[in-house]
Amino acid sequence: MSKPQWVFGLHAVQAILDSQPEQVLSIYCLKGRQDQRLQQLLDAAAPYGISVQQANRKTLDDKAGSTQHQGVLAMVKEIKPKNENDLDRILDATESPLLLILDGVTDPHNLGACLRNADAAGVAAVIVPKDKSVGITPTVRKVAVGAAESVPLVAVTNLARTMRQLQDKGVWIVGAAGEADCDLYQADLKGPLAIAMGAEGKGLRRLSRESCDTLVSIPMLGQVSSLNVSVATGVCLFEALRQRRAG
């Protein structure tokens with residue numbers, strides 16, 4: 001049985017109200033706060049009969065497990081990751097899909113940012129290993145600002161096997177790695193495509209790397225040798241989007 005989650009922050013709560021208001025069970029806001037931004041959020045909640053309660057700052061801090069809630073929390077229904085069967089349905093319903101594979105991203109801020117990038121780039125699904133990834137946590141939902149609700153997160157039992165199954169369905173898999181066949185801007189990123197990104201500081205695991213059709217690197221001209229995974233994901237996804245629109 002799923003448990004409700006706390007989502008906090010004005011933008012995150014507003015995004016859920018805008019896209020999936022039926023997911024919101026109740027809203028808590030800081031006692032005494034009265035401003036246009038909060039009132040806009042409460043006006044959006046009103047037509048759905050969502051309970052609104054006022055609470056002091058300590059109560060909000062305790063419920064959020066953070067002080068970074070901006071005086072607004074929402075109790076929402078838990079998002080359960082999708083599975084391999086859901087992925088098959090997504091692929092069947094999507095012509096020339098763009099997918100994102102995240103191999104072991106465990107930092108919720110990075111997953112949230114990757115989901116936000118994925119939403120902006122039109123990604124059909126984000127695929128993660130079931131046992132080597134952070135799930136949809138309140139922090140992920142806050143950072144994703146609504147993308148956790150809009151982009152399917154598919155948790156698979158065996159990532160390398162899923163990658164092979166994607167290839168059997170005609171999906172070309174491009175992995176981001178230092179030891180690359182070419183750089184990102186030389187690669188063909190059109191057609192059915194999955195971009196595979198590795199974990200923070202570790203990169204793609206060996207089996208995942210070997211399961212890719214080709215490896216690409218992001219040109220680095222300065223002293224820094226690598227980018228944060230969410231930044232690198234954004235660079236790769238939007239180069240793919242550029243090519244696909246141009247093509």
Side-chain angles (χ1 to χ4, degrees), residues 15-16 18-20 23 78-105 108 110-130 132-137 140-141 143-176 184 187-199 204 208 211-216 218 229-247:
I16 297 175
D18 290 343
S19 62
Q20 293 183 310
Q23 298 294 314
E78 181 183 25
I79 298 176
K80 289 188 174 182
K82 299 187 181 301
N83 58 33
E84 289 89 345
N85 293 330
D86 297 306
L87 180 59
D88 287 339
R89 285 191 285 270
I90 291 168
L91 291 173
D92 290 342
T94 309
E95 184 178 353
S96 191
L98 174 60
L99 305 168
L100 174 61
I101 297 169
L102 297 177
D103 184 18
V105 173
N110 280 337
L111 178 58
C114 286
L115 286 168
R116 193 170 180 179
N117 286 332
D119 177 81
V123 167
V126 175
I127 302 167
V128 299
K130 190 175 294 183
K132 299 284 185 180
S133 173
V134 64
I136 301 293
T137 68
V140 169
R141 294 176 86 158
V143 175
V145 194
E149 285 73 35
S150 63
V151 180
L153 183 74
V154 180
V156 300
T157 304
N158 185 312
L159 185 58
R161 181 176 64 202
T162 296
M163 292 170 74
R164 291 192 295 272
Q165 291 170 344
L166 288 174
Q167 290 163 327
D168 290 341
K169 291 177 177 288
V171 176
W172 184 257
I173 301 180
V174 175
L184 174 69
D188 184 351
L189 304 177
K190 300 183 289 293
L193 177 73
I195 295 178
M197 308 296 299
L204 290 167
S208 301
S211 298
C212 294
D213 291 297
T214 189
L215 299 175
V216 301
I218 298 173
V229 64
S230 64
V231 175
T233 295
V235 171
C236 293
L237 287 178
F238 280 91
E239 172 57 17
L241 180 60
R242 184 194 68 79
Q243 289 190 23
R244 294 157 81 85
R245 293 184 71 181

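For this chain, numbers begin at 1 and follow the sequence in order.
- A pairwise comparison of heavy atoms in Ala121 and Phe238 identifies N-CZ, 4.0 Å as the closest pair.
- Closest approach of Lys130 to Ala155, counting heavy atoms only: CE-O, 3.9 Å.
- Across all their heavy atoms, Ala176 and Met197 have their closest contact at CB-SD, 3.7 Å.
- Note that the OG1 atom of Thr233 and the CD1 atom of Ile101 stand 11.5 Å from one another [nearest 0.5 Å].
- The line from CD of Glu78 to OG1 of Thr137 is 11.0 Å long, rounded to the nearest 0.5 Å.
- Counting only heavy atoms from C-beta outward, the side chains of Leu102 and Cys114 approach each other to under 4.5 Å.
- Cys212 has its side chain within reach of Leu204: a pair of non-hydrogen atoms, C-beta onward, lies under 4.5 Å apart.
- Val156 is not listed as a side-chain neighbour of Asn83, based on a closest heavy-atom distance of 4.5 Å or more.
- Summarising the geometry of Ser230 relative to Ala113, their closest heavy-atom pair is CB-CB, 3.5 Å, with the distance given to 0.1 Å.
- The side-chain heavy atoms of Leu166 and Leu91, taken from C-beta on, include a pair separated by under 4.5 Å.
- Within the 4.5 Å cutoff, no side-chain heavy atoms of Ser211 are placed close to those of Ile173.
- Within a 6.0 Å radius of NZ in Lys132, other residues, nucleotides and ligands contribute 12 heavy atoms or fewer.
- Glu239 pairs with exactly one of Ile218, Val216, Leu189, Ile195 by the side-chain contact (heavy atoms from CB on, under 4.5 Å) rule, that one being Leu189.
- Distance check: Ser133 OG to Leu111 CG gives 5.5 Å after rounding to the nearest 0.5 Å.
- Considering only heavy atoms from C-beta on, Pro152 comes within 4.5 Å of Ile90 through its side chain.
- Within the structure, salt bridge (charged side-chain N to carboxylate O under 4.0 Å, His left out) pairs that include any residue of residues 143-159 comprise Arg141-Glu149 (at least two apart or interchain).
- Atom-to-atom distance recorded for Lys190:NZ and Leu98:CG is 13.0 Å, nearest 0.5 angstrom.
- The existence of a salt bridge linking Arg116 and Asp119 is excluded, since no basic side-chain nitrogen approaches an acidic carboxylate oxygen closer than 4.0 Å.
- Distance alone, capped at 3.5 Å, is enough to place a donor-acceptor pair between the Glu84 side chain and the Thr157 backbone.
- With Val126 as the fixed residue, the side-chain contact (heavy atoms from CB on, under 4.5 Å) test singles out one of Val105, Leu100, Val154, Leu99: Leu100.
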Full working for side chain to side chain contact (heavy atoms under 4.5 Å, CB included) between Val171 and Met163:
CA-CA 9 Å; Val171 176; Met163 292 170 74; over 6 Å; no
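- Listed by first then second residue, pairs satisfying side-chain hydrogen bond (donor to acceptor under 3.5 Å, both in side chains) with a partner in residues 161-174 read Gln167-Asp213, not counting sequence neighbours.
- Between Ile136 and Lys80, every side-chain heavy-atom pair lies at or beyond the 4.5 Å cut-off.
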